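Just so we're clear, the structure is a prediction, and the values are computed from it rather than from any experiment. When a residue number appears, it is its place in the shown sequence, counting from 1.
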Amino acid sequence: MHKISDISMEADILAENRKLGQEVRRLLHSHNIRSVDVMGSIGAGKTLLIEKMAVEMGRMGIKAAVLAGDVTGQDDFDRFRDAGVPAVNVNTGKECHLDAHLVDHALEELDLDSIDFLFIENVGNLVCPADFPLGADHRMVVISVTEGDDMIRKQPLIFLESDIAVLNKIDLLPHVDMDIDRLDADYAKFKKGARLFRTSAKTGEGIEELFKALNIHA
């Protein structure tokens, strides 16, 4: 009976999160804000990729903001602020993912009428965030070449739950031992022919293609 109760409670939590996520999406759309939930493991380069994209969007006349999610601290928030990107720091305390409730409250700290696009940087994790959609228009997962070519086989759920997947840090490819063709094949298999985007947040390579995937243009 205890196990059944636990399963029922988990189902209720997930259902409530999805409901709140829908409310977040309606709120953002009511202010004509497009959004993406950026997921990925620690060290994948999510923060720099978002920073580079947000700054470039500013040059394009698109006002971007970021919800910087992490368990604790404000290092990522400080980086966005120093880059001139409006941001809100969102600490989960001990949870390994953001949820729609946290996002909803964080949005209260932003002037929604002053932004066009919202990046939601999730907590660094390839497991927990998959089950908690946040109401964003897109869900994007970022991995890096330093994590090996078995990432998709080991963590398929987050790739199945995302509509965009990015292989970052491709500038390091000459220095790491990984089979990029194997990674591409795994993703195409799991996502029925979908393409894995390749970027270097450090050099900016591939960001233009990512903009196209997110329908971002001046």
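- Screening residues 15-31 for salt bridge (Lys or Arg N to Asp or Glu O under 4.0 Å), with sequence neighbours left out, gives no hits.
- Clustering ILVMFWY residues whenever any of their side-chain heavy atoms sit less than 4.5 angstrom apart, transitively, puts Val142 in a cluster other than the one holding Leu157.
- The residue from Asn17, Val24, Leu14 that alone fulfils the side chain to side chain contact (heavy atoms under 4.5 Å, CB included) condition with Pro133 is Asn17.
- The pair Arg81-Asp78 counts as a salt bridge, with a side-chain nitrogen and a carboxylate oxygen less than 4.0 angstrom apart.
- Sorted by first and then second residue, the side-chain hydrogen bond (donor to acceptor under 3.5 Å, both in side chains) pairs with a member in residues 46-63 read Thr47-Asp76, Thr47-Glu121, Glu56-Arg59; sequence neighbours excluded.
- Remark: Leu67 CG to Leu107 CG distance equals 5.5 Å, nearest 0.5 Å.
- Closest of all the heavy-atom pairs between Leu126 and Gly40 is CD2-CA, 4.0 Å.
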Query raised in the report: Could you walk me through whether Met57 and Ile216 pass the side-chain contact (heavy atoms from CB on, under 4.5 Å) check?
Result: CA-CA 8 Å; Met57 288 165 71; Ile216 296 171; 4.0 Å; yes
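- Proximity of Phe197 to Arg195: side-chain heavy atoms (C-beta onward) are separated by under 4.5 Å at one or more points.
- Under a 4.0 Å N-O distance rule, the pair Arg139/Asp163 does not qualify as a salt bridge.
- Between Val88 and Glu108 there is no side-chain heavy-atom pair separated by less than 4.5 Å.
- Residues satisfying the side chain to side chain donor-acceptor pair (under 3.5 Å) criterion with Arg153, sequence neighbours excluded, are Asp186.
- No continuous path of hydrophobic side-chain contacts links Leu20 to Leu110 [ILVMFWY only; heavy atoms under 4.5 Å].
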Requested in this report: Apply side chain to side chain donor-acceptor pair (under 3.5 Å) to the pair Asp171 and Thr203, showing each step before the final yes or no.
Outcome: CA-CA 8 Å; Asp171 54 293; Thr203 68; 5.4 Å; no
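- One hydrophobic cluster holds both Leu49 and Val85 under the rule that ILVMFWY side chains link at heavy-atom gaps under 4.5 Å.
- In this structure, Ile152 CD1 and Ile158 CD1 are separated by 11.5 Å, a value rounded to the nearest 0.5 Å.
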Requested in this report: With side-chain contact (heavy atoms from CB on, under 4.5 Å) as the test, would you mind laying out the steps for Ile42 and Asn125 before giving the verdict?
Outcome: CA-CA 6 Å; Ile42 296 173; Asn125 193 298; over 6 Å; no
Query raised in the report: Run the side-chain contact (heavy atoms from CB on, under 4.5 Å) check on Val103 and Val90 step by step: do they pass?
Result: CA-CA 8 Å; Val103 170; Val90 187; over 6 Å; no
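- Under a 3.5 Å cut-off, the side chain of Lys169 and the backbone N or O of Gly43 do form a donor-acceptor pair.
- At least one cation-pi condition fails for Arg79 and Phe77: the charged atom is not both under 6.0 angstrom from the six-membered ring centre and inside a 45 degree cone around its axis.
- Side chains of Glu205 and Thr199 form no contact here, defined as non-hydrogen atoms less than 4.5 Å apart.
- When all heavy atoms of Ala201 and Gly45 are compared, the closest pair comes out as CB-O, 4.4 Å.
- Every pair passing ring-ring contact (aromatic ring centres under 6.0 Å, His included) that includes a residue from residues 92-147 is listed here, sequence neighbours excluded: His97-Phe132, His101-His105, Phe117-Phe119.
- A 4.5 Å side-chain heavy-atom check between Ile33 and Leu112 finds at least one atom pair inside the cut-off.
- More than 12 heavy atoms of other residues, nucleotides or ligands shown are found within 6.0 angstrom of NZ on Lys191.
- Nearest heavy-atom pair, Asn122 versus Pro129, reported as atom, atom and distance to 0.1 Å: ND2-CB, 3.8 Å.
- Using a 4.5 Å heavy-atom cutoff, the side chains of Val141 and Val166 are not in contact.
- Closest non-hydrogen pair, Leu134 versus Ala100, comes out as CD2-N, 3.6 Å.
- Across every non-hydrogen atom of Ser162 and Met140, the tightest pair is OG-C, 4.4 Å.
- For the atom pair CZ of Phe159 and CE of Met39, the computed distance is 9.5 Å after rounding to the nearest 0.5 Å.
- Residues Leu102 and Ile13 do not share a hydrophobic cluster, clusters being chains of Ile/Leu/Val/Met/Phe/Trp/Tyr side chains in contact below 4.5 Å.
- Among residues two or more places apart in sequence or in another chain, the side chain to side chain donor-acceptor pair (under 3.5 Å) test is passed with Ser41 by Glu147.
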Indicate every side-chain donor-acceptor pair of residues 174-184 with a distance under 3.5 Å to a residue at least two apart or in another chain.
unit_1, atom_1, unit_2, atom_2, d
Asp179, OD1, Asp181, N, 3.2
Asp179, OD1, Arg182, N, 3.1
Asp184, OD2, Arg198, NH2, 2.2

Query raised in the report: Step by step, would you call Thr92 with Thr72 a side-chain contact (heavy atoms from CB on, under 4.5 Å)?
Result: CA-CA 7 Å; Thr92 65; Thr72 188; over 6 Å; no
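- Linking ILVMFWY residues whenever their side-chain heavy atoms come closer than 4.5 Å, directly or via other members, places Leu27 and Leu118 in the same cluster.
- Contact record, Asn168 with Ala44: ND2-O, 3.0 Å, taken as the closest heavy-atom pair.
- To the nearest 0.5 Å, atom CD1 of residue Ile115 and atom CG of residue Asp113 are 9.5 Å apart.
- Once rounded to the nearest 0.5 Å, the distance linking CG of Leu98 with SG of Cys128 reads 11.5 Å.
- A heavy-atom distance below 4.5 Å is found between the side chains of Asn215 and Arg34.
- Phe211 is listed as a side-chain neighbour of Met60, based on a closest heavy-atom distance under 4.5 Å.
- Atoms OG and CD1, on Ser200 and Ile170 in that order, are 6.0 Å from each other to the nearest 0.5 Å.
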